[in-house]
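Here the structure is laid out as structure tokens; the discussion comes afterwards.
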Amino acid sequence: MHFTSERRLDDGVLEREFILGEIPGTLWTPESATPAPLILMAHNNGLPKSEPRLVARARRTTAYGYAVASIDATECGDRPRSAAGEQARADLRRAMQAGEPVDDIFESFVGPLVENAVPEWRTTLDALLALPEIGGPVGYSGWTAVGIRLAAVEPRIAAAGLFAGGYVPRVQREEARQVTVPLLFLLQWDDEGNPRQRALDLFDAFGSKEKTLHANLGGHTGTPWFELEDGNRFFARHLR
């Protein structure tokens with residue numbers, strides 16, 4: 001892991017950009033004399049790590065004493081796009097404009113994103129936990145499809161906060177039964193791109209003995225900011 005820049009923000013948080021092989025990432029760490037618990041933060045469906053809502057969430061979470069890391073996974077942010085991925089994006093735009101079904105296109109697009117993203121998150125986790133300012137345990141927050149696979153295969157994930165918005169491939173809907181860590185699931189009740197019943201069925205499928213569903217009125221990007229505070233209390237119960 002090579003840090004390419006760093007700056008101390010007004011709230012005392014240290015923000016550092018890094019490169020790990022071909023993986024670009026950002027790490028936010030609090031001012032602390034002891035190693036901080038780590039939260040991996042991914043934006044739904046692979047939007048860039050620089051997306052303003054993700055950055056705001058990361059900085060606010062770090063203020064609670066957590067180290068927070070985000071990466072640009074394969075085909076996200078400024079990373080190269082494959083011909084297949086670009087074709088899927090074009091097919092998706094065309095189908096949505098025509099009012100045609102889009103599930104199969106999402107399946108062909110999001111499925112490979114998840115398959116490629118999870119190994120990169122695990123590699124990043126290895127490098128982050130080797131830093132002296134970061135300790136365990138580890139939480140995950142954000143993109144549901146990646147979170148399901150990561151929680152199912154990565155034993156170092158101790159708790160997960162997932163956003164119901166965004167397409168979840170069929171494989172991950174089945175893998176949800178293997179997720180047993182404490183879970184907080186956020187649902188926007190009027191999300192135009194995420195059928196409500198599908199999200200409720202997914203919540204029911206999770207194998208966790210402790211799982212909580214928070215549903216709020218509003219569309220895809222309308223998650224209330226107080227949910228971030230509730231999320232930090234959720235992580236405090238399981239990462240400290």
Side-chain angles (χ1 to χ4, degrees), residues 37-47 51 53-54 56-58 60-64 66 68 70 102-103 106-107 110-111 113-114 117-118 121 137-240:
L38 174 65
I39 295 177
L40 306 178
M41 192 169 285
H43 201 292
N44 274 3
N45 289 351
L47 291 176
E51 207 283 332
R53 284 182 295 152
L54 184 145
R57 283 174 42 221
R60 183 62 178 165
T61 301
T62 306
Y64 278 75
Y66 302 105
V68 178
S70 184
V102 296
D103 271 13
F106 268 124
E107 193 77 26
V110 179
L113 284 181
V114 174
V118 169
W121 274 111
V138 180
Y140 174 90
S141 175
W143 183 7
T144 294
V146 165
I148 290 172
R149 168 63 61 84
L150 196 58
V153 302
E154 178 49 73
R156 291 172 292 185
I157 300 296
L162 305 178
F163 289 76
Y167 183 81
V168 176
R170 298 182 186 96
V171 170
Q172 274 68 61
R173 285 180 239 161
E174 288 298 320
E175 286 178 331
R177 304 179 192 283
Q178 302 172 33
V179 175
T180 58
V181 298
L183 177 71
L184 176 62
F185 196 55
L186 302 183
L187 169 64
Q188 285 302 104
W189 202 245
D190 308 301
D191 190 338
E192 60 281 0
N194 186 39
R196 184 186 306 161
Q197 190 58 53
R198 182 180 293 176
L200 294 173
D201 290 344
L202 178 61
F203 177 75
D204 190 51
F206 284 113
S208 304
K209 293 183 179 179
E210 179 185 334
K211 55 182 178 179
T212 301
L213 171 67
H214 285 188
N216 291 282
L217 297 178
H220 183 71
T221 60
T223 303
W225 273 101
F226 63 72
E227 288 291 1
L228 180 59
E229 312 301 322
D230 286 347
N232 285 323
R233 286 191 288 270
F234 164 77
F235 284 121
R237 293 195 297 273
H238 303 291
L239 302 186
R240 295 192 183 277

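Every heavy atom of this structure was used, including side-chain atoms; hydrogens, water molecules and symmetry mates were not.
Distance CH2/Trp143 to CZ/Arg149: 11.5 Å, rounded to 0.5 Å. Between atom CZ of residue Arg233 and atom CG of residue Leu228 there is a gap of 10.0 Å, rounded to the nearest 0.5 Å. With rounding to the nearest 0.5 angstrom, the OG1 atom of Thr144 is 10.5 Å from the CD atom of Gln172. We find the CZ-CD distance between Phe234 and Glu227 to be 12.0 Å, quoted to the nearest 0.5 Å. Taking CZ of Arg173 as the reference point, atom CG of Leu202 lies at 8.0 Å (rounded to 0.5 Å). Atom CG of Asp190 is separated from atom CG of Leu217 by 5.5 Å, given to the nearest 0.5 angstrom.
Side-chain N or O atoms of Ser208 include none that pairs as donor or acceptor with a backbone N or O of Pro182 at under 3.5 Å. Looking only at distances, a side-chain donor or acceptor of Asn194 sits under 3.5 Å from a matching main-chain atom of Ala164. The main-chain N or O of Leu162 is never found under 3.5 Å from a side-chain atom of Tyr140 such that the two would form a donor-acceptor pair.
Side-chain contact between His238 and Pro137 is absent, with no heavy-atom pair separated by less than 4.5 Å. In this structure the side chain of Ile157 never reaches within 4.5 angstrom of the side chain of Trp121, judged on heavy atoms. Counting heavy atoms from C-beta on, the side chains of Glu174 and Pro169 never come closer than 4.5 Å.
Taking all atoms of both residues into account, the shortest heavy-atom contact from Val179 to Phe206 is CB-CD2, 3.9 Å. The two residues Leu184 and Gly231 make their nearest non-hydrogen contact at CD2-CA, 3.8 Å. Contact record, Ala152 with Glu175: CB-O, 4.5 Å, taken as the closest heavy-atom pair. Pairing each heavy atom of Val181 with each of Ala158, the nearest pair is CB-O, 3.7 Å. Nearest approach of Ile39 to Leu239, heavy atoms of both residues: CG1-CD1, 3.9 Å. Of all the heavy atoms in Thr223 and His220, the pair that sits closest is OG1-O, 4.4 Å.
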### Query
Going through the checks in order, is the side-chain contact (heavy atoms from CB on, under 4.5 Å) test met by Ile148 and Gln178?
CA-CA 9 Å; Ile148 290 172; Gln178 302 172 33; over 6 Å; no
### Task
Under the side-chain contact (heavy atoms from CB on, under 4.5 Å) rule, what do Leu200 and Leu187 come out as? Steps first, then yes or no, please.
CA-CA 9 Å; Leu200 294 173; Leu187 169 64; 4.0 Å; yes
#### Entry: Val114 vs Val171, side-chain contact (heavy atoms from CB on, under 4.5 Å): CA-CA, chis, key distance, verdict
CA-CA 10 Å; Val114 174; Val171 170; over 6 Å; no
### Task
Under the side-chain contact (heavy atoms from CB on, under 4.5 Å) rule, what do Leu183 and Glu210 come out as? Steps first, then yes or no, please.
CA-CA 6 Å; Leu183 177 71; Glu210 179 185 334; over 6 Å; no
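Side-chain atoms of Arg57 and Ser141 form a donor-acceptor pair, as typed in the model, at a separation below 3.5 Å.
For the pair Lys211 and Phe185, the cation-pi test (distance below 6.0 Å, angle within 45°) is failed. For the pair Arg198 and Tyr167, the cation-pi criterion (under 6.0 Å, within 45° of the ring axis) is not fulfilled.
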